[in-house]
Amino acid sequence: MIPMLLRNESQTTRKWSDYKLISSDYEGSKFLKEYLSRFNSVSYFNEYAGILSFFFTMGLMCAPYMRIPIHGIFVDCRFHVYWVQGSRSGKSVAYEFLAKILKLCDIETEMFSSGSDAKMIGTVKEVPLYDEDGKPTGKVDYEVVPGLLNGYKSLTFDEASVLLNDQKAYFSDKILYLQQAMAPIGSETNVLVKHLVSGTVRTPSGVSMWMTTFPPKDIMVHVLEKGFFQRVYFYQNDVTMETRQTTSEHRMSGTYVPVPDKLWGYEDLAKYLMECRDEVKSRLFKAAGLTEEEWNALSDGEREDTAIRHAYDIFSVGPSYHAALLNAVDDYYDLVRGISNDEIRDTATSFLPNVENYTVIMANHIATVMKSPVITAEYVMMAKEIIYDNLYNTIIWLEQKQSVKTRKRTQAEQHAWKQAFNKVAKEIHPKTGREVVKKAELESVYAQLNDVSVKTAQRRLDKHIQNNTAERHMKGRVAYIQMNW
């Protein structure tokens with residue numbers, strides 16, 4: 001059975017607390033309850049986003065060490081989030097929570113709102129050379145200055161709608177850079193290259209992206225026609241007036257009320273996360289025969305080779321692991337097959353490879369938080385629950401948006417024909433007793449008003465006749481049109 005929408009108060013059947021990942025008695029599940037309780041103390045009723053923030057954090061912390069083998073390729077474990085939700089509903093403060101956790105885990109964080117290619121990818125700067133007496137020689141050396149996309153860090157876009165501004169080539173370029181940065185770590189496509197007069201900048205990227213925005217006006221166009229959203233975990237959440245009022249009441253009732261002592265502090269949450277990360281790291285170091293110091297002395301390429309070479313040593317999989325993954329794939333495709341609109345179905349289908357990747361990635365992180373070296377079928381099913389609900393909600397949202405778009409287009413077409421109809425001399429048809437106008441005159445006036453050819457007007461009117469929104473009547477040899485709206 002298809003679950004109802006997560007955030008539709010009138011139809012909710014599965015709440016965040018119903019997910020097996022949260023409700024189970026495992027140590028990792030108990031930690032996640034504490035994590036979400038603290039998250040909910042700053043960003044109210046955004047628990048699903050809180051779950052995503054955990055996967056984002058775990059992915060970022062384990063990214064240098066964990067590679068996931070899929071036949072002959074290796075996928076990294078980063079978790080990029082694009083969260084669409086109304087303004088003043090807890091998105092920015094959610095990142096404040098996240099930033100505190102990351103800082104305590106010694107993870108570098110950066111914010112982006114605007115910047116040049118040099119800011120994103122890096123640049124080459126001239127460094128003057130001096131002689132033994134400290135005097136300039138007139139010669140220069142060149143030094144590479146890393147950009148924001150270089151290395152392992154959190155990169156946050158607090159108003160990610162700016163990335164959807166195609167009218168400026170600047171932002172179109174940024175989208176291409178971000179798509180490259182999200183390619184699997186270690187792949188050639190993950191390395192951003194900028195050729196400059198003074199040299200070439202090569203930027204391998206390990207950044208994890210946390211992107212939030214209010215619902216942009218033309219987001220449907222970007223979701224349906226661009227490839228960017230097929231690379232992120234796209235989470236769209238409608239906040240109803242009822243939810244906003246509940247949130248306001250909760251916030252006001254907390255004025256001068258301290259956070260309960262029983263809640264875990266940020267330091268406690270960070271400590272547990274680092275313990276989970278360290279277990280993964282220690283398995284890698286043990287398999288590779290390395291110490292922490294020896295690992296740190298390796299080049300970036302050598303570390304990547306090590307992570308890939310020992311991908312099978314960090315985790316093993318349980319006996320029903322693949323059966324659970326195939327069951328998840330079946331459920332995702334069944335959901336998409338049920339979409340009646342061809343354009344939306346094609347778009348949803350293009351999301352599925354990424355949905356499948358995130359199912360595997362989430363299962364790995366669930367095993368990590370459970371401190372288990374074995375990824376079980378149960379962990380896969382925990383991941384599928386969370387992803388399936390979001391995919392379902394995304395499809396419902398796309399269908400609703402498309403329905404509104406279709407209705408507006410229909411209304412605009414009707415208005416155009418009404419304008420033309422009202423400008424043509426009307427007659428009462430002797431058989432129907434209804435107002436009619438001459439077909440040829442109507443098509444001519446419509447063509448003039450809408451700056452199209454008469455043939456185009458004829459073709460459009462024929463569609464209305466086929467759909468019974470217009471009727472064709474004859475009076476002698478003259479054709480007349482009756483509008484049915």
Side-chain angles (χ1 to χ4, degrees), residues 2 5 8 10-11 84 86 161 164-167 214-226 229 236 238 240-242 336-350 392-485:
I2 294 176
L5 301 184
N8 186 325
S10 63
Q11 301 185 56
V84 180
S161 59
L164 307 181
N165 189 348
D166 302 288
Q167 296 174 353
F214 63 91
K217 180 181 177 183
D218 298 326
I219 192 169
M220 270 289 291
V221 175
H222 294 276
V223 174
L224 291 174
E225 299 178 8
K226 312 295 180 183
F229 289 103
Q236 188 280 331
D238 289 325
T240 65
M241 184 63 72
E242 180 182 350
V336 171
R337 284 193 188 98
I339 303 172
S340 57
N341 183 283
D342 290 342
E343 186 179 15
I344 293 175
R345 185 171 59 253
D346 289 345
T347 299
T349 302
S350 71
Y392 177 73
N393 290 343
T394 300
I395 290 170
I396 292 293
W397 175 74
L398 287 171
E399 288 180 327
Q400 289 172 344
K401 287 285 185 182
Q402 188 70 8
S403 176
V404 170
K405 181 181 175 183
T406 302
R407 186 167 64 250
K408 286 182 177 179
R409 184 169 60 241
T410 300
Q411 290 171 347
E413 288 177 1
Q414 290 179 353
H415 178 71
W417 281 107
K418 283 179 182 178
Q419 272 190 317
F421 190 89
N422 290 333
K423 288 183 178 293
V424 180
K426 300 173 186 62
E427 300 179 27
I428 301 297
H429 196 274
K431 289 185 179 179
T432 65
R434 298 278 300 277
E435 275 189 343
V436 293
V437 297
K438 291 179 180 178
K439 182 175 183 288
E441 291 183 11
L442 177 62
E443 290 165 346
S444 178
V445 171
Y446 177 90
Q448 292 174 11
L449 290 175
N450 293 277
D451 197 26
V452 297
S453 68
V454 173
K455 282 192 174 294
T456 298
Q458 290 171 346
R459 187 170 61 251
R460 292 179 181 179
L461 184 55
D462 286 344
K463 287 184 180 179
H464 283 290
I465 294 170
Q466 292 170 9
N467 294 332
N468 294 320
T469 50
E471 291 181 27
R472 184 174 182 270
H473 298 287
M474 296 301 296
K475 187 176 177 183
R477 293 185 177 182
V478 180
Y480 286 80
I481 293 295
Q482 168 190 312
M483 309 307 285
N484 291 333
W485 53 59

| field | Minimum heavy-atom distance Ala470-Leu461, with the two atoms named | value | CB-CD1, 4.4 Å

| field | Asp451, CG: over 12 other non-hydrogen atoms inside 6.0 angstrom | value | no

| request: May I have the step-by-step check of side chain to side chain contact (heavy atoms under 4.5 Å, CB included) for Ile339 and Thr349, ending in yes or no? | output: CA-CA 10 Å; Ile339 303 172; Thr349 302; over 6 Å; no

| task | Take Glu435 and Ile428 through the side chain to side chain contact (heavy atoms under 4.5 Å, CB included) test and state the conclusion after the steps. | result | CA-CA 5 Å; Glu435 275 189 343; Ile428 301 297; 3.8 Å; yes

| Can you name the nearest heavy-atom pair linking Ile395 to Val336, along with the distance? | CD1-CG2, 4.4 Å

| task | Could you tell me the separation between the CZ atom of Phe229 and the OG1 atom of Thr347, rounded to the nearest 0.5 Å? | result | 12.0 Å

| query | Under 30°, 30 to 60°, or over 60°: which ring-plane class applies to His464 and Trp417, parallel, tilted or perpendicular? | reply | perpendicular

| query | Thinking salt bridges, do Asp342 and Arg345 make one under a 4.0 Å N-O criterion? | reply | yes

| message | Using every non-hydrogen atom in the two residues, find where Asp238 and Gln236 come nearest and quote the distance to one decimal. | response | OD1-NE2, 2.7 Å

| What distance separates Met483 CE from Ile465 CD1, expressed to the nearest 0.5 Å? | 8.5 Å

| Taking all atoms of both residues into account, what is the closest heavy-atom pair of Ala425 and Val437, and its distance? | O-CG1, 3.6 Å

| request: Answer whether the closest heavy-atom distance between the side chains of Tyr480 and Leu442 falls below 4.5 Å. | output: no

| request: Search all heavy atoms of His473 against all heavy atoms of Val436 and return the closest pair with its distance. | output: CD2-CG1, 4.4 Å

| said: If we ignore hydrogens and angles and just use 3.5 Å, is the side chain of Asn341 paired with the main-chain N or O of Glu343 as donor and acceptor? | reply: yes

| query | If you draw a 6.0 Å radius around NZ in Lys423, do more than 12 non-hydrogen atoms from other residues or ligands fall strictly inside? | reply | no

| Atom pair CD (Gln414) and CZ (Phe421), whose distance is rounded to the nearest 0.5 Å | 13.5 Å

| query | Do Glu471 and Asn484 pass the side chain to side chain donor-acceptor pair (under 3.5 Å) test, and can you show the C-alpha distance, the side-chain angles, and the key distance before you say yes or no? | reply | CA-CA 7 Å; Glu471 291 181 27; Asn484 291 333; 3.1 Å; yes

| field | Lys/Arg-Asp/Glu bridge criterion (N-O < 4.0 Å) met for Glu427, Lys475 | value | yes

